[in-house]
Participant: 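Would you mind keeping the following structure in view while I ask a few things?
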Amino acid sequence: MNYIEQLAKTLEKKIGIPAEDIAGMLEVPADETMGDFALPCFKLAKTLKKAPPMIAADIAENLVLPEGFKEFKVIGAYLNFFIDPVNFIQNVISESALTGYGGSDEGQGKNICIDYSSINIAKPFHIGHIMSTAIGNALYRIYNYRGYTAIGINHLGDWGTQFGKLCYAYEAWGSKEDVETRNIDALLELYVKFHDEADKDDTLNDAARDWFKRIEDGDEYAVSLLDWFTNITLKRVEKVYDMLGVKFDYYTGERFYNDKMTPIVDELEDKGLLTESQGARVVNLDEYNMPPCIIIKNDGTTLYATRDLAAAFYRKKTFDFYKALYVVAYQQNLHFNQWFKVVGLMGYDWEKDLEHVNFGMVSLEDGTISTRKGRVVFLEDVLNKACEKTAEIIEIKNPALENKQAIAKQVGVGAVVFSVLSQGRIKDITFSWDRVLNFEGETGPYMQYTAVRCNSLLIRGKELLSETPDFSALDNDEAFKTAKALDKFPTAIENALNKNEPYLITRNIIDVAKAFNKFYFEHKIIDENKAASAARLALAKAVKNVITTGLYLIGVETPEKM
RNA sequence: GCGCUUAUAGCUCAGCAGGAUAGAGCGUUCGCCUCCUAAGCGAAAGGUCCCGCGUUCGAAUCGCGGUAGGCGCGCCA
């Protein structure tokens with residue numbers, strides 16, 4: 001039953017304006033003690049030409065509430081309505097305990113390309129990469145949950161002159177054994193050494209360019225080096241993705257699109273969009289208040305806008321996406337705006353389906369991340385440390401726990417992911433060990449703990465689940481608030497999807513957990529009254545389902561015990 | 001200089017298709033385990049919602065103008 005609809009329909013007769021309009025005026029008071037729904041009568045003052053408090057009083061006179069409502073009160077210009085809690089709680093529990101609660105098939109047959117994580121070959125996976133990876137992974141799951149087909153693409157940074165530098169450095173100073181054993185660490189050292197040496201001797205840069213030319217020309221040895229660097233990077237990074245539970249459907253990077261740019265450039269030429277500017281070929285965007293989008297450099301080579309265009313066309317052709325999301329930091333706002341506009345200027349209406357899902361910067365307490373300056377925190381270290389700390393806590397709190405290591409991983413990694421996805425994307429984050437390693441309050445472990453608490457109640461009260469529940473046992477504020485939070489879960493998922501903001505789900509399940517923990521503290525769940533216990537357990541079951549589902553959607557696992 | 005973006009409690013953040021007394025977590029101080037997992041629950045203290053003007057019955061929320069921080073502004077990605 002839809003409360004607002006019912007209420008609006010009832011009020012329609014009383015007030016004399018369409019139920020739709022009334023529904024739009026109804027709101028949920030911030031303070032729950034005021035009521036479950038409210039009609040601020042200020043909004044009616046103009047049309048009815050009466051003072052708001054008078055209007056409220058008039059409507060209240062002889063008002064008969066629809067089913068499901070308990071009472072109403074007039075407070076000043078507000079008309080406040082109270083619903084019947086037991087009825088509501090019972091309905092919410094039966095829905096929210098179901099598998100697939102909040103899911104839908106609205107996205108049937110629609111492909112969503114999600115470009116996320118997008119790591120660079122031969123570079124370490126550091127804390128800055130967590131944002132794109134966690135947000136993208138969450139969106140991947142959320143879209144799938146709503147029936148879409150998400151296509152996860154790791155758009156590797158595997159092309160460019162930096163690989164010429166790396167080849168040169170490897171040939172000059174590297175050793176096969178060292179790179180095999182220390183992989184990315186060795187490659188990074190070589191890369192840093194190249195820059196140090198190149199500062200002293202500029203001819204190295206020419207040599208690096210030659211190396212990259214060899215790669216471009218398909219020189220077998222040079223290409224095999226790049227392949228090798230790519231493989232060892234992916235092998236190393238795979239471990240982190242495994243820990244995070246992150247999967248990709250494609251690892252197609254810039255290199256993949258290298259031979260797919262010519263048709264796009266030709267089309268731009270044919271459509272007369274390219275103009276000469278300082279020796280480069282650009283799309284002029286003055287009219288849109290943006291600097292030109294450079295397609296071809298003055299040395300005839302392409303750059304990333306060209307590759308992103310090629311990738312977009314490839315994805316449109318291959319997947320016929322309903323939407324293509326680019327989970328990339330806000331630093332690249334202009335870049336995406338530019339080439340999205342170029343797609344539009346080429347005459348393609350799917351420009352509107354391209355979306356830059358941007359997010360804030362991660363910096364360290366002593367400044368921005370700089371791998372070369374050694375100012376960096378590796379993601380692997382963060383995850384490992386979080387797991388170690390969890391293991392220590394388990395030793396203190398629950399030393400008899402089975403599978404301690406697996407659970408420490410779920411909780412530790414979950415804490416890191418949860419903290420990233422508990423605030424809006426756009427906020428910058430200053431990484432702090434204290435903060436990610438804090439497991440109290442509104443944190444991942446708190447969520448998991450609440451679900452585990454429900455789980456152990458369900459195990460303990462197994463045989464009560466067959467009883468017919470007496471939902472009147474849930475006639476209290478704590479159960480009511482919990483049910484209200486559960487009820488908002490589907491809307492939270494919908495909003496998270498529409499805004500590409502996973503934290504909206506996070507916030508909702510925090511509300512669920514807080515409300516339930518309060519309920520748990522105030523009420524004994526399992527007691528002599530079997531029917532009442534069954535009702536309380538039904539609530540626990542719904543809470544467990546919603547928290548587990550919500551955590552899953554943001555990429556966090558829920559242990560059975562902890 | 002131009003563009004984008006952020007500004008709410010000591011810290012980190014919610015709230016912003018305008019509504020009643022602005023919320024949470026952390027931190028601080030103080031309570032609650034003979035009882036279903038205390039990674040829990042509660043209390044106290046803590047506010048110029050960056051500033052100004054405007055729109056409105058009503059502004060943290062909308063508009064305009066400022067201030068401060070972050071990011072970006074052609075041949076890196």
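Per chain, numbering begins at 1; letters A, B, ... match sequence-line order. Just so we're clear, the structure is a prediction, and the values are computed from it rather than from any experiment. The analysis underlying the following values was restricted to heavy atoms, covering all of them including side chains, and did not include hydrogens, waters or symmetry mates.
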Participant: Tell me whether the rings of A:Phe340 and A:Tyr326 are parallel (<30°), tilted (30 to 60°) or perpendicular (>60°).
Facilitator: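 The rings of A:Phe340 and A:Tyr326 sit tilted, inter-plane angle from 30° to 60°.
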
Participant: Under a 3.5 Å limit for both distances, which nucleotide forms a Watson-Crick or G-U wobble pair with B:C62, could you say?
Facilitator: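 B:C62 is paired, partner B:G54.
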
Participant: How many whole angstroms separate atom NZ of A:Lys341 from atom P of B:C73?
Facilitator: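 Distance, rounded to whole Å: 20 Å.
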
Participant: Check every strand shown and say whether A:Gln278 touches a base, only sugar-phosphate, or nothing at a heavy-atom separation below 4.0 Å.
Facilitator: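 Contact class for A:Gln278: base.
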
Participant: Mind telling me whether B:G74 is syn or anti, cutoff 90° either side of 0?
Facilitator: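 Syn for B:G74; the angle stays within 90° of 0.
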
Participant: Below 30° counts as parallel, above 60° as perpendicular, anything between as tilted: where do the rings of A:Tyr191 and A:His195 land?
Facilitator: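 The arrangement is perpendicular - the two ring planes meet at more than 60°.
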
Participant: Quick one: classify the glycosidic conformation of B:C49 as syn or anti, with syn meaning within 90° of 0.
Facilitator: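 Base orientation relative to the sugar is anti.
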
Participant: Tell me the interatomic distance from A:Gln338, atom CD, to B:C71, atom P, rounded to whole angstroms.
Facilitator: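 Interatomic distance, CD of A:Gln338 to P of B:C71: 19 Å.
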
Participant: Once you apply the 3.5 Å cut-off to both distances, tell me the Watson-Crick or G-U wobble partner of B:G72, or none.
Facilitator: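 Partner of B:G72: B:C2.
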
Participant: What does A:Gly360 touch in the nucleic acid at a heavy-atom separation under 4.0 angstrom: a base, only the sugar-phosphate, or nothing?
Facilitator: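 A:Gly360: no heavy atom of the nucleic acid under 4.0 Å.
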
Participant: From the options B:C32, B:A77, B:U37, select the nucleotide whose nearest atom is closest to the side chain of A:Tyr304.
Facilitator: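 Side chain of A:Tyr304 sits closest to B:A77.
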
Participant: Of the candidate nucleotides B:A39, B:A77, B:A38, which contains the atom at the shortest distance from the side chain of A:Arg453?
Facilitator: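 Per side-chain heavy atoms of A:Arg453, the pick is B:A38.
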
Participant: Please report the distance, rounded to the nearest Å, between NZ in A:Lys165 and P in B:A77.
Facilitator: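 A:Lys165 atom NZ is separated from B:A77 atom P by 11 Å.
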
Participant: Mind checking if A:Lys514 touches a base, just sugar-phosphate, or nothing, with heavy atoms under 4.0 Å?
Facilitator: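 Counting heavy atoms under 4.0 Å across all strands, the contact made by A:Lys514 is with sugar-phosphate only.
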
Participant: Using the ring centroid of each side chain, check whether A:His155 and A:Tyr257 are separated by less than 6.0 Å.
Facilitator: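 Ring-ring flag for A:His155/A:Tyr257: true, centres closer than 6.0 Å.
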
Participant: Does A:Asn80 make a side-chain donor-acceptor contact with the base of B:A20, cut-off 3.5 Å?
Facilitator: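 Present.
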
Participant: Okay, side chain of A:Glu557, backbone of A:Gly414: is any donor-acceptor separation there less than 3.5 Å?
Facilitator: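 No, because the side chain of A:Glu557 does not come within donor-acceptor range (under 3.5 Å) of the backbone of A:Gly414.
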
Participant: What's A:Met290 touching, base or sugar-phosphate or nothing? Going by heavy atoms closer than 4.0 Å.
Facilitator: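 The residue A:Met290 makes no contact with any strand.
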
Participant: Report which part of the nucleic acid A:Glu522 touches: base, sugar-phosphate, or nothing (heavy-atom distance under 4.0 Å, all strands).
Facilitator: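 If one applies the 4.0 Å heavy-atom cut-off, A:Glu522 turns out to touch nothing in the nucleic acid.
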
Participant: B:U6, B:C36, B:C71: which one has an atom nearest the side-chain heavy atoms of A:Tyr330?
Facilitator: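 Selected nucleotide (nearest to the side chain): B:C71.
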
Participant: Given the side-chain rings of A:Phe42 and A:Tyr78, with only the six-membered ring counted for Trp, is the space between their centroids under 6.0 Å?
Facilitator: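 That pair passes the under 6.0 Å test.
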
Participant: Can a donor-acceptor pair under 3.5 Å be found between the side-chain atoms of A:Ser363 and the base atoms of B:G70?
Facilitator: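 Answer is no: no donor-acceptor pair is held.
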
Participant: Any base atoms under 4.0 Å from A:Lys518, or only sugar-phosphate, or nothing? Heavy atoms, all strands.
Facilitator: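 Counting heavy atoms under 4.0 Å across all strands, the contact made by A:Lys518 is with sugar-phosphate only.
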
Participant: Which part of the nucleic acid, if any, lies within contact of A:Pro29, taking any heavy atom under 4.0 Å across all strands shown: a base, the sugar-phosphate backbone alone, or nothing?
Facilitator: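 Since a base atom lies under 4.0 Å of A:Pro29, the category is base.
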
Participant: Who is the Watson-Crick or G-U wobble partner of B:U37, with both distances under 3.5 Å?
Facilitator: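 WC or wobble partner does not exist here.
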
Participant: Grab the NE2-P distance between A:His335 and B:C75 for me, whole Å please.
Facilitator: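 It is 13 Å, rounded to the nearest whole Å.
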
Participant: Using a 4.0 Å heavy-atom cut-off across all strands, classify A:Asp31 as base, sugar-phosphate, or nothing.
Facilitator: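 Result for A:Asp31 = nothing.
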
Participant: Watson-Crick or G-U wobble partner for B:A7, using a 3.5 Å limit on both distances?
Facilitator: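 Pairing partner, where one exists within any strand: B:U67.
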
Participant: Does B:G47 have a Watson-Crick or wobble partner in any strand here, with both distances under 3.5 angstrom, and which is it?
Facilitator: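 Result: none.
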
Participant: Just checking A:Ile394: base, sugar-phosphate only, or nothing, at a heavy-atom cut-off of under 4.0 Å?
Facilitator: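 If one applies the 4.0 Å heavy-atom cut-off, A:Ile394 turns out to touch a base.
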
Participant: Grab the CD-C1' distance between A:Gln423 and B:C11 for me, whole Å please.
Facilitator: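 Spelled out: CD on A:Gln423 to C1' on B:C11 is 13 Å.
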
Participant: Roughly, in whole Å, what's the span from CG in A:Asn455 to P in B:C36?
Facilitator: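 A:Asn455 atom CG is separated from B:C36 atom P by 17 Å.
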
Participant: B:A39 base to A:Tyr449 side chain: any donor-acceptor pair below 3.5 Å?
Facilitator: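 When only heavy-atom distances are counted, A:Tyr449 does not reach the base of B:A39 through any donor-acceptor pair under 3.5 Å.
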
Participant: Heavy atoms under 4.0 Å, any strand shown: does A:Pro291 hit a base, just sugar-phosphate, or nothing?
Facilitator: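 Contact class for A:Pro291: sugar-phosphate only.
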
Participant: Rounded to the nearest angstrom, tell me the gap between atom CD in A:Glu440 and atom P in B:G40.
Facilitator: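 Computing the A:Glu440:CD to B:G40:P distance gives 5 Å.
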
Participant: If we count only N and O atoms by modelled type, under 3.5 Å, do the side chains of A:Asn476 and A:Glu522 hold a donor and an acceptor together?
Facilitator: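 No.
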
Participant: Counting any heavy atom closer than 4.0 Å, what does A:Ala280 reach on the DNA or RNA strands: base, sugar-phosphate only, or nothing?
Facilitator: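 Since a base atom lies under 4.0 Å of A:Ala280, the category is base.
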
Participant: For A:Met361, does its backbone N or O pair with a side-chain atom of A:Asp428 as donor and acceptor, under 3.5 Å?
Facilitator: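 Yes.
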
Participant: Where the side chain of A:Met361 is defined as all heavy atoms beyond and including C-beta, which of B:U6, B:C71, B:A38 is the nearest nucleotide?
Facilitator: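 Looking only at heavy atoms from C-beta outward on A:Met361, the closest nucleotide is B:C71.
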
Participant: Looking for any heavy atom pair under 4.0 Å, which part of the strands does A:Thr161 touch: base, sugar-phosphate only, or nothing?
Facilitator: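 Result for A:Thr161 = nothing.
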
Participant: For the side chain of A:Lys297, starting at C-beta, report the closest nucleotide among B:A38, B:C76, B:U6.
Facilitator: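 The closest nucleotide is B:C76.
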
Participant: Reckon A:Lys561 touches a base, only the sugar-phosphate, or nothing at all at heavy-atom distances under 4.0 Å?
Facilitator: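 The residue A:Lys561 makes base contact.
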
Participant: As a test of the definition: with a 90° window around 0 for syn, would you call B:A38 syn or anti?
Facilitator: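 Glycosidic conformation of B:A38: anti.
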
Participant: Pick the closest RNA chain B nucleotide for A:Gly279 and for A:Pro40 by heavy atoms, then say which residue is nearer the 5' end.
Facilitator: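 Closest to the 5' end, via its nearest nucleotide, is A:Pro40.
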
Participant: What is the nucleic acid contact for A:Ile294, judged by heavy atoms within less than 4.0 Å: base, sugar-phosphate only, or nothing?
Facilitator: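 Answer is base: heavy atoms of A:Ile294 come under 4.0 Å of a base.
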
Participant: Would you say the side-chain atoms of A:Ser419 pair up with the backbone N or O of A:Val436, donor to acceptor, closer than 3.5 Å?
Facilitator: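 No, because the side chain of A:Ser419 does not come within donor-acceptor range (under 3.5 Å) of the backbone of A:Val436.
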
Participant: Provide, to the nearest angstrom, the distance between the CZ atom belonging to A:Phe42 and the P atom belonging to B:U55.
Facilitator: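 It works out to 20 Å between those atoms.
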
Participant: Ring of A:Tyr78 versus six-membered ring of B:A20: centres under 5.5 Å and planes under 30°?
Facilitator: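 Answer is yes, a stack.
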
Participant: Could you check A:Ala38 against A:Tyr520 and say which one's nearest nucleotide on RNA chain B is further toward the 5' end?
Facilitator: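 Whichever sits nearer the 5' end wins; that is A:Ala38.
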
